[in-house]
Colleague: 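My structure is below; once you've seen it, I'll send some questions.
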Amino acid sequence: MARVRDIEIHEVPEDVRGIYKRFSEEYGPFLNQVKVFAHRAPVLKHIQGLLLDLKDEQILDKRYLEIALVVVSKINECTYCVAHHAPRLVEQGLGAETVANILEPDCPGLNDVDRLVRDFAVQVTEKPQYMRDAIFDEMKKHFTEEQIVELTVRTALCGFFNRVNDALQIGMEEGVIEDYLSHGSSTEALPQHDAAE
């Protein structure tokens with residue numbers, strides 16, 4: 001259970017009910033997250049609305065997007081996001097073992113572009129101020145500038161979600177762990193947290 005109460009759809013202003021409904025039904029199993037973000041209608045409108053708009057105008061291959069999201073979530077140890085996105089990455093053709101070990105430098109199962117996206121997401125997450133032109137030169141061989149901007153935004157935005165999910169202790173929706181396990185992943189591959197001191 002989250003540190004704040006759930007906001008149900010009838011409690012949000014009418015102008016954002018469509019976003020609440022569509023995000024919770026079409027975007028994925030993120031209902032618990034929507035119920036927390038709905039405390040602030042502008043957040044629901046602009047954050048979840050942004051994700052729906054980007055989904056509607058998809059310009060990034062889902063494989064690369066999911067690589068970035070899993071990488072960021074593993075770096076930030078966000079159990080919620082790893083459990084939600086690891087199965088999507090398996091569906092994009094990566095083995096569960098590859099997904100579990102994606103942060104390892106020599107992780108098997110990644111092609112050259114997968115590794116590039118992985119390394120790009122690591123740099124955006126850990127030390128963006130130290131990124132060199134070389135990685136952008138390499139990215140431009142495989143992605144348009146529009147795609148690079150979106151991948152950068154989605155990578156940074158994932159870090160935002162990791163922090164909000166963990167700070168507010170947004171709970172896992174029913175069926176998410178079962179879905180995660182059914183894709184060959186193990187609970188040992190999920191970030192584990194010790195009790196707060």
Side-chain angles (χ1 to χ4, degrees), residues 1-4 6 20 23-39 43-44 46-52 54-55 58 60-104 107 110 114 117-126 128 150-194 196:
M1 178 171 222
R3 287 180 159 143
V4 296
D6 289 346
Y20 185 118
F23 195 87
S24 63
E25 292 177 357
E26 295 177 25
Y27 196 80
F30 296 98
L31 181 59
N32 291 348
Q33 191 179 70
V34 172
K35 288 180 175 183
V36 168
F37 277 67
H39 275 271
V43 173
L44 182 64
H46 295 291
I47 301 295
Q48 270 75 23
L50 169 66
L51 293 178
L52 288 169
L54 292 173
K55 182 180 182 215
Q58 183 178 343
L60 277 172
D61 186 303
K62 190 144 176 74
R63 177 182 179 108
Y64 302 130
L65 176 60
E66 294 297 341
I67 287 172
L69 299 181
V70 169
V71 165
V72 175
S73 300
K74 283 185 163 283
I75 290 170
N76 291 326
E77 299 182 351
C78 180
T79 304
Y80 182 92
C81 287
V82 171
H84 280 75
H85 289 286
R88 307 299 72 86
L89 191 47
V90 170
E91 289 171 359
Q92 294 304 310
L94 270 66
E97 186 175 339
T98 299
V99 175
N101 296 300
I102 200 163
L103 295 179
E104 297 300 319
C107 177
L110 298 176
D114 296 339
V117 171
R118 187 240 357 237
D119 295 346
F120 183 80
V122 168
Q123 288 187 37
V124 169
T125 303
E126 292 185 337
E150 183 167 335
L151 187 60
T152 307
V153 169
R154 293 298 300 271
T155 299
L157 192 58
C158 184
F160 158 83
F161 280 110
N162 296 159
R163 287 162 177 79
V164 173
N165 293 337
D166 284 343
L168 296 178
Q169 292 186 350
I170 296 175
M172 207 74 68
E173 294 81 1
E174 187 177 325
V176 170
I177 294 297
E178 292 80 5
D179 181 50
Y180 172 82
L181 295 172
S182 76
H183 282 79
S185 298
S186 68
T187 53
E188 291 78 25
L190 283 172
Q192 306 295 318
H193 303 112
D194 293 330

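All figures in this text were calculated on a predicted structure; none of them were measured in a lab. Position 1 is the first residue of the sequence; numbering continues from there. FYI, side chains are in, hydrogens and waters are out, and symmetry mates aren't considered; it's all heavy atoms of this structure.
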Colleague: Under 4.5 Å between any side-chain heavy atoms of Asp114 and Tyr64, yes or no?
Modeller: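 Yes, side chains in contact.
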Colleague: So, for Glu126 and Pro128, which heavy atoms are closest and what is the spacing to 0.1 Å?
Modeller: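 Nearest heavy atoms, Glu126 then Pro128: C-CD, 3.7 Å.
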Colleague: Decide yes or no for Val70 and Leu94: does some side-chain heavy atom of the first lie under 4.5 Å from some side-chain heavy atom of the second?
Modeller: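 Val70 does not reach Leu94 side chain to side chain.
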Colleague: Compare every heavy atom of Ser185 with every heavy atom of Tyr180, then report the nearest pair and how far apart it is.
Modeller: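 Closest heavy-atom pair between Tyr180 and Ser185: CZ-CB, 3.2 Å.
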Colleague: Name each donor-acceptor pair under 3.5 Å that joins a side chain in residues 164-172 to protein atoms two or more places apart or in another chain, with its distance.
Modeller:
residue: Asn165; atom: OD1; partner: Gln33; partner atom: NE2; Å: 2.9
residue: Asn165; atom: ND2; partner: Phe161; partner atom: O; Å: 3.0

Colleague: Show your working on side chain to side chain contact (heavy atoms under 4.5 Å, CB included) between Val36 and Arg3 and close with a plain yes or no.
Modeller: CA-CA 9 Å; Val36 168; Arg3 287 180 159 143; over 6 Å; no
Colleague: Students often mix this up, so state it plainly: with edges at 30° and 60°, are the rings of Phe30 and His85 parallel, tilted or perpendicular?
Modeller: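 Correct class here is tilted.
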Colleague: More than 12 heavy atoms of other residues, nucleotides or ligands under 6.0 Å from CD of Glu26: yes or no?
Modeller: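 More than 12 within 6.0 Å, yes.
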Colleague: Leu190 versus Gln192: any side-chain heavy-atom pair under 4.5 Å?
Modeller: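 The answer is yes, as the side chains (C-beta and beyond) meet within the 4.5 Å cut-off.
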Colleague: Which heavy atom in Pro87 sits nearest to a heavy atom in Ala83, and how many Å separate them?
Modeller: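 Shortest heavy-atom separation between Pro87 and Ala83 comes out as CD-O, 3.2 Å.
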Colleague: Looking only at heavy atoms, what is the nearest atom pair of Ala38 and Tyr20, with distance?
Modeller: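 Minimum heavy-atom contact is CB-CE1, 3.8 Å.
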Colleague: Under 3.5 Å, side chain of Asn76 to main-chain N/O of Cys78, donor-acceptor pair present?
Modeller: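 Checking the backbone N and O of Cys78 against the side chain of Asn76, no donor-acceptor pair under 3.5 Å is found.
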Colleague: Is there side-chain contact between Cys158 and Ser73, with at least one heavy-atom pair below 4.5 Å?
Modeller: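 A side-chain contact exists here, since the closest heavy-atom pair is under 4.5 Å.
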Colleague: Among residues at least two apart in sequence or on other chains, which ones pass side chain to side chain donor-acceptor pair (under 3.5 Å) with Asn32?
Modeller: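 Applying side chain to side chain donor-acceptor pair (under 3.5 Å) to Asn32 gives none.
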Colleague: If I take atom CD from residue Glu91 and atom NE2 from residue His183, how far apart are they, to the nearest 0.5 angstrom?
Modeller: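 Taking CD in Glu91 and NE2 in His183, the distance rounds to 3.5 Å.
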Colleague: Any side-chain heavy atom of Lys74 sitting closer than 4.5 Å to one from Val122?
Modeller: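 No, too far: nothing below the 4.5 Å cut-off.
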Colleague: With no hydrogens and no angle check, is any side-chain donor or acceptor of Lys35 less than 3.5 Å from a backbone partner on Ala2?
Modeller: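 No, the answer is negative, given that no donor and acceptor are paired below the 3.5 Å cut-off.
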Colleague: Within the side chain of Glu77, is there an N or O that forms a donor-acceptor pair under 3.5 Å with the backbone of Ile75?
Modeller: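 Absent.
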Colleague: Report the residue from Leu65, Leu69, Val71, Val72 that forms a side-chain contact (heavy atoms from CB on, under 4.5 Å) with Thr155.
Modeller: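 Exactly one candidate clears the test, Val72.
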Colleague: Ignoring hydrogens and geometry, is there a side-chain-to-backbone donor-acceptor pair from Glu178 to Gly175 under 3.5 Å?
Modeller: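 A pair under 3.5 Å: yes.
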Colleague: Rounded to the nearest 0.5 Å, what's the gap from CG on Asp119 to CG on Leu110? Could you check?
Modeller: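 Asp119 CG to Leu110 CG: 9.0 Å, rounded to 0.5 Å.
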Colleague: Looking only at heavy atoms, what is the nearest atom pair of Pro29 and Tyr80, with distance?
Modeller: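 Smallest interatomic distance, heavy atoms only, reads O-OH, 4.1 Å.
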Colleague: To the nearest 0.5 Å, what is the distance between CG (Leu54) and CZ (Arg154)?
Modeller: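 CZ of Arg154 is found 5.5 Å from CG of Leu54.
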Colleague: Which atom names give the shortest non-hydrogen contact between Val34 and Phe23, and what distance separates them?
Modeller: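 Here Val34 and Phe23 meet closest at CG2-CD2, 3.1 Å.
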Colleague: Which side-chain N or O atoms in residues 95-102 pair as donor and acceptor under 3.5 Å with protein atoms at least two apart or in another chain?
Modeller:
residue: Thr98; atom: OG1; partner: Pro108; partner atom: O; Å: 2.9
residue: Asn101; atom: ND2; partner: Glu97; partner atom: O; Å: 2.9

Colleague: Give a yes or no on whether the backbone of Glu104 and the side-chain of Arg118 come within a donor-acceptor separation of less than 3.5 Å.
Modeller: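 Yes, because the side chain of Arg118 sits within donor-acceptor range (under 3.5 Å) of the backbone of Glu104.
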Colleague: Can you tell me if His84 uses its side chain to pair, donor with acceptor, with the backbone of Val176 under 3.5 Å?
Modeller: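 The answer is no, because no donor-acceptor pair under 3.5 Å joins these two groups.
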